[in-house]
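Worksheet for the structure shown next.
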Amino acid sequence: MTIEQIQDEIISEFSVYEDWMDKYTYLIELGNELKPIDEKQKTEQNLIRGCQSQVWIDAQYSNGVINYQGDSDALIVKGLVALVVRIVNNQT
């Protein structure tokens, strides 16, 4: 699936919700479904600076694609990380 197709899928999923609270709830659900990052990947090198929440992103290159994992200590931010990982994971 291309990045554009994944983005369109996400837009479609969110368009079902008219109320912003429902959108936030869905975003939190996405974060809760995010595959946990290995604790040994929660390093200073993988920490995203400038964010009020702690956010870790790990990237591994293998077989021509980049695999991402991420995590956050904040529920909504973790949902946003889940969206980013969903969009860019396993892309060339």
Side-chain angles (χ1 to χ4, degrees):
M1 197 178 264
T2 68
I3 288 175
E4 291 78 16
Q5 290 170 320
I6 297 168
Q7 290 176 146
D8 289 344
E9 188 177 78
I10 291 169
I11 290 167
S12 177
E13 290 169 10
F14 274 91
S15 70
V16 172
Y17 305 105
E18 293 181 21
D19 182 69
W20 276 100
M21 289 307 294
D22 292 335
K23 291 179 185 190
Y24 285 130
T25 299
Y26 181 58
L27 195 57
I28 291 169
E29 288 173 15
L30 292 174
N32 288 333
E33 294 171 3
L34 184 65
K35 180 182 172 187
I37 192 171
D38 191 325
E39 287 297 317
K40 66 182 176 189
Q41 299 301 334
K42 290 183 177 181
T43 65
E44 284 295 314
Q45 181 179 351
N46 292 339
L47 186 65
I48 304 300
R49 306 218 188 293
C51 188
Q52 284 187 318
S53 307
Q54 289 189 313
V55 178
W56 299 270
I57 301 289
D58 181 55
Q60 300 293 321
Y61 181 78
S62 177
N63 298 321
V65 296
I66 302 174
N67 295 295
Y68 292 92
Q69 288 185 301
D71 198 1
S72 176
D73 62 352
L75 294 175
I76 291 176
V77 175
K78 188 171 181 174
L80 294 171
V81 169
L83 288 176
V84 171
V85 167
R86 181 174 164 189
I87 293 168
V88 298
N89 199 37
N90 294 316
Q91 299 292 330
T92 56

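Numbers here are sequence positions counted from 1.
Ser72 and Val55 make their closest contact through OG-CG2, 3.8 Å (heavy atoms, listed as atom of the first residue, atom of the second, distance). Nearest heavy-atom pair across Gly70 and Val85 is N-CG2, 4.1 Å. Here the closest heavy-atom approach between residue Lys78 and residue Asp71 is recorded as CE-OD1, 3.2 Å.
With a 4.5 Å cut-off on side-chain heavy atoms, Asn32 and Leu75 count as touching. Looking at Leu80 and Leu27, their side chains come closer than 4.5 Å, going by heavy atoms from C-beta outward. Here the side chains of Gln7 and Ile10 are not in contact, with every heavy-atom distance at 4.5 Å or above. Looking at heavy atoms from C-beta onward, Asn46 lies out of side-chain contact with Ile57 at the 4.5 angstrom threshold. Contact annotation: the side chain of Gln91 approaches that of Ile6 to within less than 4.5 Å [non-hydrogen atoms, C-beta and beyond].
Within the model, atoms CG of Asn89 and CD of Gln69 stand 8.5 Å from one another, a figure rounded to the nearest 0.5 Å. Rounding to the nearest 0.5 angstrom, the gap separating the CD atom in Gln41 from the CD atom in Gln60 is 6.0 Å. Note that the NZ atom of Lys23 and the CD1 atom of Ile76 stand 13.5 Å from one another [nearest 0.5 Å]. Here the straight-line distance linking atom CD of Gln54 with atom CZ of Arg49 works out to 10.5 Å at 0.5 Å rounding. Taking CG of Leu83 as the reference point, atom CD of Glu13 lies at 8.5 Å (rounded to 0.5 Å).
Side-chain atoms of Thr25 come within 3.5 Å of backbone N or O of Met21 as a donor-acceptor pair.
In this structure, Val84 is not a member of the same hydrophobic cluster as Leu47, with clusters built from ILVMFWY side-chain heavy atoms closer than 4.5 Å. In this structure, Ile3 is not a member of the same hydrophobic cluster as Ile11, with clusters built from ILVMFWY side-chain heavy atoms closer than 4.5 Å. Trp56 and Leu34 end up in different hydrophobic clusters when Ile, Leu, Val, Met, Phe, Trp and Tyr side chains are linked at under 4.5 Å. Note on Ile48 and Val88: same hydrophobic cluster, where clusters join Ile, Leu, Val, Met, Phe, Trp and Tyr whose side-chain heavy atoms are under 4.5 Å apart, directly or indirectly.
Annotation: Tyr24, atom OH; neighbour count of heavy atoms from other residues, nucleotides and ligands within 6.0 Å does not exceed 12. By the neighbour-count criterion of 12 heavy atoms within 6.0 Å, atom CD of Gln5 is densely surrounded, having more than that number from other residues, nucleotides or ligands.
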